Structures are given as C-alpha cells and as structure tokens.
S.K.: 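Just passing along the structure, written as structure tokens.
These numbers were taken from a predicted model, which means no experiment stands behind them. The basis for the numbers below is simple: all heavy atoms, side chains too, and nothing from hydrogens, waters or symmetry mates. Ligands are counted one by one from 1 in listed order, and the atoms in each one are counted from 1 as well.
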Amino acid sequence: MKKTAFAAFVAFWSSVVTLLVTWTLVPAVTLAEEEPTFTLEEVARHDRLEDCWMAIRGEVYDLTDYLPHHPAPPAVILPWCGREATEGMTTKGYGRDHSPAAWGQLERYRIGVLESAADTSTGQ
Ligand code: HEM
C-alpha cells in the first residue's frame, strides 16, 4: 500500500513538473521563431517624425514615441527616420557616440530585425 501511494505521489509530481516545463519553454521557443523581420524598403515607409522607424546595427526600432523626448531638436533626427541609422546613432551628427544610457533606451523601442542582417553576419 505504501509503495502504491509513493508511486502515485511520484507520478503526480512528475506530471506537474512536465507541464510547468512545457508551459515555460514552448512559448519562449515560439516567440523566438516568430520575431518580425523587416526590409529596408519597409523601414523607408516610416520616414516622418509622426512615424519614425530606424534600422540600427541590424535591429529595427519604432522611435515615434521617443522622439518628443529626445534632447536634440527634431531636425537632427528627421533625416535618419526611415533609414539605416547606425551612423546617426554612433556620431550624433558631429562625430560623438551616444552614451551607454542612450543605447540602453533603444531596447524599449525594438520591433524586430532587419532582413538583410543575416547577410551582413556572413560577411557578404
Ligand atoms: C539616429 C539619429 C540620432 C541623432 C542624429 C542624434 C543626435 C543627438 C544629439 C545632437 C544630441 C545632443 C548633443 C549631445 O548630447 O551630444 C543627442 C543626445 C541624446 N540622444 Fe540622440 N540622436 C539620435 C538618435 C537617438 C536615439 C534613437 C536615442 C534613444 C532611443 C537617443 C538618445 C539620446 C540621449 C539619451 C541623449 C543625451 C546624451 C547621451 O546620452 O548621449 N538619440 N542625440
């Protein structure tokens, strides 16, 4: 009787652990597979202050909500909306990189990856 109870106990908790692991891992894998990918042509459609996307180091960002909070005037940013803007981010337009804090803020606005990022990683 004790043996049966112990086997039932082990079986029950094994099922619980299996279910928890499945619920935790499956959505993570699914999300990773479904990461949105954008082409530069798609990014280029968002080239206004009211709708501003940028591609920076192979990632795509929707910075529309951030721009009103940016310390420099909109005229500085606008030319980079809808474009590959790594140079803008690393030079601020006058040769000085943004602070690590500024780079950190970017993450909040990330919406996906640039389709051509896969090509650049192969060095082609
Ligand atoms: C890509 C085009 C961009 C250009 C040309 C640009 C340019 C500038 C300029 C001229 C300044 C003020 C002068 C200075 O602090 O040296 C500045 C400051 C700043 N920018 Fe930008 N910016 C751009 C994008 C961004 C983005 C996407 C973010 C964050 C999401 C950002 C965050 C900041 C912050 C936090 C500062 C204060 C100084 C610092 O932390 O480096 N900027 N930027």
Side-chain angles (χ1 to χ4, degrees):
M1 182 62 196
K2 265 187 185 169
K3 260 190 183 170
T4 316
F6 181 70
F9 176 82
V10 171
F12 172 76
W13 284 109
S14 307
S15 318
V16 171
V17 169
T18 307
L19 279 174
L20 283 177
V21 168
T22 311
W23 285 337
T24 317
L25 290 184
V26 169
V29 170
T30 311
L31 277 180
E33 282 170 357
E34 285 175 2
E35 177 146 67
T37 304
F38 302 102
T39 60
L40 272 179
E41 287 72 26
E42 283 171 290
V43 174
R45 284 184 218 124
H46 306 268
D47 61 351
R48 295 171 293 127
L49 286 178
E50 313 76 47
D51 179 15
C52 174
W53 288 15
M54 291 182 201
I56 299 171
R57 291 184 172 162
E59 317 276 345
V60 177
Y61 302 89
D62 180 351
L63 291 156
T64 314
D65 291 341
Y66 175 71
L67 295 192
H69 307 288
H70 187 263
V76 174
I77 298 279
L78 185 58
W80 296 100
C81 294
R83 291 184 49 201
E84 209 300 317
T86 305
E87 187 190 329
M89 198 57 197
T90 53
T91 67
K92 291 187 198 169
Y94 67 91
R96 276 226 185 133
D97 200 350
H98 279 85
S99 64
W103 281 97
Q105 282 182 23
L106 263 182
E107 281 318 299
R108 228 178 288 166
Y109 303 96
R110 190 174 173 279
I111 54 171
V113 293
L114 194 62
E115 197 178 81
S116 57
D119 302 339
T120 53
S121 69
T122 61
Q124 290 167 3

S.K.: If the cut-off is 4.0 Å to any non-hydrogen atom of Gly88, which atoms of ligand 1 fall inside it?
M.R.: 1 (C), 2 (C), 3 (C), 4 (C), 5 (C)
S.K.: Does an N or O anywhere in Asp97 fall below 3.5 Å from an N or O of ligand 1?
M.R.: no
S.K.: Considering non-hydrogen atoms only, spot the tightest contact between Thr37 and Glu42 and give its length.
M.R.: O-OE1, 4.1 Å
S.K.: Only one of Ile111, Leu106, Ile77 clears side-chain contact (heavy atoms from CB on, under 4.5 Å) with Leu63; which?
M.R.: Leu106
S.K.: Below a 4.0 angstrom heavy-atom separation, can you tell me which part of Thr91, side chain or backbone, both or neither, approaches ligand 1?
M.R.: neither
S.K.: Any nitrogen or oxygen of Tyr66, main chain or side chain, under 3.5 Å from a nitrogen or oxygen of ligand 1?
M.R.: no
S.K.: Atom 10 (C) of ligand 1: which protein heavy atom is closest, and how many Å away?
M.R.: Lys92 O, 3.6 Å
S.K.: Determine, using heavy atoms of Pro71 and all atoms of ligand 1, whether some pair is separated by less than 4.0 Å.
M.R.: yes
S.K.: Looking at side-chain heavy atoms only, is the closest gap between Arg57 and Thr90 below 4.5 Å?
M.R.: yes
S.K.: Backbone or side chain, does any N or O of Trp80 fall under 3.5 Å from an N or O of ligand 1?
M.R.: no
S.K.: Strictly by modelled atom types, are Thr86 and Glu84 linked by a side-chain donor-acceptor pair under 3.5 Å?
M.R.: yes
S.K.: Given side chains that start at C-beta, do those of Glu35 and Arg110 come closer than 4.5 Å, heavy atoms only?
M.R.: yes
S.K.: Strictly under 4.0 Å, does any heavy atom of Arg96 approach an atom of ligand 1?
M.R.: no
S.K.: Could you tell me which atoms of ligand 1, counted from 1 in the order shown, lie closer than 4.0 angstrom to a heavy atom of Ala102?
M.R.: 29 (C), 32 (C), 33 (C), 34 (C), 35 (C), 40 (O)
S.K.: Could you list the atoms of ligand 1 found under 4.0 angstrom from a heavy atom of Ser99?
M.R.: 39 (C), 40 (O), 41 (O)
S.K.: Do Leu49 and Ile56 land in one hydrophobic cluster if side-chain heavy atoms of ILVMFWY residues count as linked below 4.5 Å?
M.R.: yes
S.K.: Enumerate the atoms of ligand 1 whose separation from the nearest heavy atom of Val76 is less than 4.0 angstrom.
M.R.: 5 (C), 7 (C), 10 (C)
S.K.: Specify the closest pair of heavy atoms between Val43 and Leu114, including all atoms of both residues, with the distance to one decimal.
M.R.: CG2-CD1, 4.3 Å
S.K.: Tell me whether His98 has any N or O atom under 3.5 angstrom from an N or O of ligand 1.
M.R.: yes
S.K.: Kindly assign one of parallel, tilted or perpendicular to the pair Tyr109 and Tyr66, based on the angle between their ring planes and the thresholds 30° and 60°.
M.R.: tilted
S.K.: Taking all non-hydrogen atoms of both residues into account, name the closest pair between Glu59 and Val113 and its distance.
M.R.: OE1-CG1, 3.7 Å
S.K.: Considering heavy atoms of the protein only, find what lies nearest to atom 26 (C) of ligand 1 and give residue, atom and distance to 0.1 Å.
M.R.: Met89 SD, 3.7 Å
S.K.: Which residue holds the protein heavy atom closest to atom 3 (C) of ligand 1, what is that atom called, and what is the gap in Å?
M.R.: Ile77 CD1, 3.5 Å
S.K.: So which atom in Asp62 and which in Cys52 form the shortest heavy-atom distance, rounded to 0.1 Å?
M.R.: OD1-O, 3.5 Å
S.K.: May I ask you to check whether Tyr94 has an N/O atom sitting below 3.5 Å from an N/O atom of ligand 1?
M.R.: yes
S.K.: Looking at Lys92, is its backbone amide N or carbonyl O close enough to the side chain of Arg96 to form a donor-acceptor pair, meaning the two atoms are under 3.5 Å apart?
M.R.: no
S.K.: Closest non-hydrogen protein atom to atom 8 (C) of ligand 1, residue and atom name please, with distance?
M.R.: His70 CE1, 3.4 Å
S.K.: Quick one: look up the protein heavy atom nearest atom 12 (C) of ligand 1 and list residue, atom name and how far away it is.
M.R.: Ala72 CB, 3.9 Å
